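Notes for the one structure printed next.
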Amino acid sequence: MAVAEVGQLRTLAIVGQGGAGKTQLAEAMLFTGGAISRLGRPDDGSAVMDFEPEELSRHASISSSFHHLNWNRNELIIADTPGYSAFLNDTFNVMRAVDALVFVVSPGADMKVEAEKIWALANDLGLARIAFVSRLDRDRTSFEAALNDLEKNLQARAVVLTLPIGKEAEFRGVIDVLSMKAIVLVEGSDKPRQEELSGELKAQAEQARAKLCDAVAETDDSLLEKYLEQGELDAKELREGLRRATVEGKLVPVLCGSGVRNVGVAQLLDAVVDFLPSPADRGPWKCVNALNGEPTQRRPDPDEPFSALVFKTVVDPFAGRLSIFRVVSGKLSSDSTVLNSTRQIKERIGQILRLEAKKQSPTQSCTAGEIVAVAKLKETYTGDTLCDEKAPVILPAPPKPNPVISFALRPKSKADEERASVALQKLVEEDPALETHRDPQTHDIILAGAGQLHIEVAVEKLKRKFNVEVELQAPKVPYKETIKARAEAQGKYKRQTGGRGQYGDCWLRIEPLPRGKGFEFVDAIVGGVIPRQFIPSVEKGVRNTLAEGFLAGYEIVDIKVTVFDGSYHVVDSSDIAFQIAASLGLKAALEKAKPVLLEPIMSLEVACPEENMGDVIGDLNARRGKVLGVDRRGSNQIIKALVPMAEILRYASELRSLTSGRGTFEAQFSHYEEVPAPIAERIIKEAKEAREASGAGRRAHV
């Protein structure tokens, strides 16, 4: 059913660090709202929101899932998102498509860098949020510690709406500060009951309500004036003031409870409806006119021209591609035609689907603010804009993340190798945080992603979805070669076999270029000693030899090659003869030009707790790293360093071990540097042995 009023819609994502209890809370919200008939649990595989086999085996969300429920005549569209660093790109994409967040805080764990990244992006996007402290029925949990994390590590202006009754095993309910009621567990039931407050619980509620009134009054001058005069705010003023402050990001309401025991969840749903914004409250979306590139905007209004952002793609080998999109403006009906303005193609919309975890239900139309899906769009991918072809706009696409780790894939059979390329491209369509290519130097199939776990899950999906089996191997480092000195040499190729022969002769001068300049070819021939038609042949021979390498088979870069002399034969000179001559001349010059190996250097940013900083820095130094500095970000230390790529191919798992799972890192290519001589000798020796073994293998096969 389409949403009747945009103002009665809430589109929100449940976010937080891994292990905070997001999926369990989503299950409890759906159960309380009547969308599902029984309360599932991720720990035993009964949760509807975790349904991928890779999620069930790990008891963790690795991909966002969506559902909807009705609460107090409002429609809530809920996205349950991953919290582990390897899958955060999916969470970030969802955050760009929703209007608000429920930020889940784990009261028994330190605030991790993933939570800080999510919070920082929410600030950048201007998303209103409610915090929910879950799992208070577990050992070693503290509501006060969780509240302190929000205020200290995330600089949240937190206001408490519910308080826990009891701690850990004694936890038995929550105090609703707004209604001044107790919500307590009922033995043997998954539905708590409401009770009147008395004694100490009432005193706690009154103290929390006074603090709430203070905070709300401070966000509005008119409320503050009345509060100072009368000393209180009535229930209506308090709720309206809290809603404004939450929508504007001035305050963060904090609730608590237990998703497993379904306590505090109804109060959370009330808060979502009462205090989080509808699409209409978010205001217009910025975009550009697809015809002239001028900035424009689209209001979340059903009467505006249709526009939507595709923010997620799911690829199924049997059902095809499922495009999930946020309707930004206007309405869309099934069996209609829209424009993909990003690619300037028309797409036929078949059946519009409402998402219900792993299932979908058909609907005839959708309107501004909704998240829906359409199957089998031909050329639409994540980040594309769908819109009315009479009023085309392009919405800002989610940024593409940089991979931090890569592996070489070795197909287990010839059939796997033939299917691997197509299957990998489909995985990349589904998950833009993945990248795949064939290394032109090593010829390996490379799969890069956000972490080793990310790559391992992708490999599992390859087998499950596309029946492609591969083995993961550490990729060959893309070393390069260059020279350190200037040199000249002649390359002469002369062959007579009876009849027309082959003749090419050229003199080459090679010089080193500044790092990163690549390759430069200069034609300095005068007097026609080499005819014009053979100069491109010389350049081609040079380029082919540079690609083959000289020391260890890696591409030669940062080199200037000048052809300045030579000779030719009127009959015997040919394109191939001058290519061979150029190759011979370049190899002869390289012998004299002090060739060296270059290795890629990565710019590394490591986030870790202060107590692990010494171990991490010591480890980076042992990896030939150069530490550039240390900064503080929240509760973490941020170590910036330059480290050779060869030393961090498996760094993700090793950093987890060093920091007990609390450390994360980001890596980007920085530049190339000369490999130290002892290491270069080993690499060259290994490359020579590999070539000899490969040659012996080919000879034996023949």
Side-chain angles (χ1 to χ4, degrees), residues 10 12 72 100-105 107 119 122 127-134 136 142-167 173-184 192 194-257 263-277 281:
R10 302 291 182 271
L12 62 135
N72 293 343
L101 306 176
V102 172
F103 187 88
V104 183
V105 184
W119 195 269
L127 290 174
R129 66 214 82 157
I130 286 174
F132 188 83
V133 182
S134 189
L136 285 171
S142 166
F143 177 73
E144 293 75 17
L147 199 61
N148 182 63
D149 274 344
L150 282 168
E151 294 174 336
K152 181 180 178 182
N153 296 328
L154 303 180
Q155 285 77 54
R157 182 84 191 278
V159 289
V160 174
L161 300 191
T162 59
L163 288 163
I165 302 174
K167 292 184 178 181
V174 298
I175 300 169
D176 187 335
V177 174
L178 289 172
S179 69
M180 297 296 284
K181 301 287 184 181
I183 315 299
V184 297
Q194 191 176 97
E195 295 180 353
E196 295 296 325
L197 291 173
S198 61
E200 184 182 343
L201 295 184
K202 187 175 182 180
Q204 290 180 29
E206 290 173 344
Q207 184 180 16
R209 190 180 180 90
K211 289 182 179 179
L212 175 62
C213 289
D214 287 347
V216 171
E218 289 174 7
T219 65
D220 186 286
D221 290 341
S222 60
L223 287 179
L224 181 60
E225 185 177 347
K226 179 183 179 182
Y227 187 60
L228 292 175
E229 289 177 358
Q230 302 182 8
E232 63 179 358
L233 299 175
D234 63 37
K236 182 180 179 182
E237 290 169 332
L238 181 59
R239 286 180 174 274
E240 289 178 351
L242 180 56
R243 175 176 173 77
R244 282 195 301 273
T246 304
V247 170
E248 293 171 4
K250 295 178 180 178
L251 295 177
V252 178
V254 182
L255 297 95
C256 63
V263 178
V265 178
Q267 288 65 43
L268 172 62
L269 290 170
D270 287 340
V272 166
V273 169
D274 293 343
F275 306 124
L276 290 182
D281 296 319

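Only a predicted model underlies this, so the values are computations on that prediction, with no experimental measurement involved. Quick note: residue numbers are just sequence positions, from 1.
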task = Output, in order, the C-alpha distance, side-chain angles, deciding distance and verdict of side chain to side chain contact (heavy atoms under 4.5 Å, CB included) for W119 and N153.
result = CA-CA 10 Å; W119 195 269; N153 296 328; over 6 Å; no
Donor-acceptor contact below 3.5 Å, side chain R129 vs main chain L101 = no
remark   = Here the gap from Q267 atom CD to L269 atom CG, rounded to the nearest 0.5 Å, amounts to 9.0 Å
remark   = In short, salt bridge (charged side-chain N to carboxylate O under 4.0 Å, His left out) pairs touching residues 212-225 with sequence neighbours left out are R157-E218, D220-R244
ask   = Between atom CD1 of I130 and atom CG of L251, what is the distance when rounded to the nearest 0.5 Å?
value = 11.5 Å
L161 side chain near F275 side chain, heavy-atom distance below 4.5 Å = yes
Sequence-distant partners of E196, side-chain hydrogen bond (donor to acceptor under 3.5 Å, both in side chains), two or more places apart = K181
ask   = Rounded to the nearest 0.5 Å, how far does CG of L178 lie from CG of L212?
value = 6.0 Å
note = Nearest heavy-atom contact between A100 and L127 is N-CD2, 4.1 Å
remark   = Closest non-hydrogen atoms of C256 and P164, given as atom of the first, atom of the second and distance, are SG-N, 3.5 Å
ask   = Would one find more than 12 heavy atoms of other residues, nucleotides or ligands at under 6.0 Å from atom NZ of K226?
value = yes
ask   = Taking all atoms of both residues into account, what is the closest heavy-atom pair of V104 and S134, and its distance?
value = CG1-CB, 4.1 Å
ask   = Which pairs, with at least one residue in residues 200-213 and sequence neighbours excluded, count as a salt bridge (charged side-chain N to carboxylate O under 4.0 Å, His left out)?
value = none
request  = Please report the shortest heavy-atom distance between V177 and A205, naming the atom on each side.
outcome  = CG1-O, 4.1 Å
note = Taken in chain and number order and not counting sequence neighbours, the residues that satisfy side-chain hydrogen bond (donor to acceptor under 3.5 Å, both in side chains) with E144 are S142
ask   = Which heavy atom in A210 sits nearest to a heavy atom in Y227, and how many Å separate them?
value = O-OH, 3.7 Å
query = When rounded to the nearest 0.5 angstrom, what is the spacing between OG in S222 and CG in L224?
reply = 9.0 Å
query = Which value, rounded to the nearest 0.5 Å, describes the distance between I183 atom CD1 and T162 atom OG1?
reply = 9.5 Å
task = Applying side-chain contact (heavy atoms from CB on, under 4.5 Å), name anything that partners A182, two or more places apart in sequence or on another chain.
result = I165, V184, E195, L197
Step-by-step side chain to side chain contact (heavy atoms under 4.5 Å, CB included) determination, L233 to L223 = CA-CA 8 Å; L233 299 175; L223 287 179; 4.1 Å; yes
task = Locate the shortest heavy-atom distance separating A156 from V252; write the atom from each residue and the value.
result = CB-CG2, 4.3 Å
query = Who passes side-chain contact (heavy atoms from CB on, under 4.5 Å) against V254, sequence neighbours left out?
reply = A131, V133, F143, L147, L150, A158
note = To the nearest 0.5 Å, atom SG of C213 lies from atom CG of L242 at 10.0 Å
request  = Name all residues meeting the side-chain contact (heavy atoms from CB on, under 4.5 Å) criterion together with E232; count only those two or more places apart in sequence or in a different chain, and write none if there are none.
outcome  = none
task = For K250, check salt bridge (Lys or Arg N to Asp or Glu O under 4.0 Å) against everything at least two apart and list the hits.
result = E248
key: Any residue meeting salt bridge (Lys or Arg N to Asp or Glu O under 4.0 Å) with R243, in chain and number order, not counting sequence neighbours   = D281
task = Using salt bridge (Lys or Arg N to Asp or Glu O under 4.0 Å) as the criterion, list what pairs up with D274, not counting sequence neighbours.
result = R239
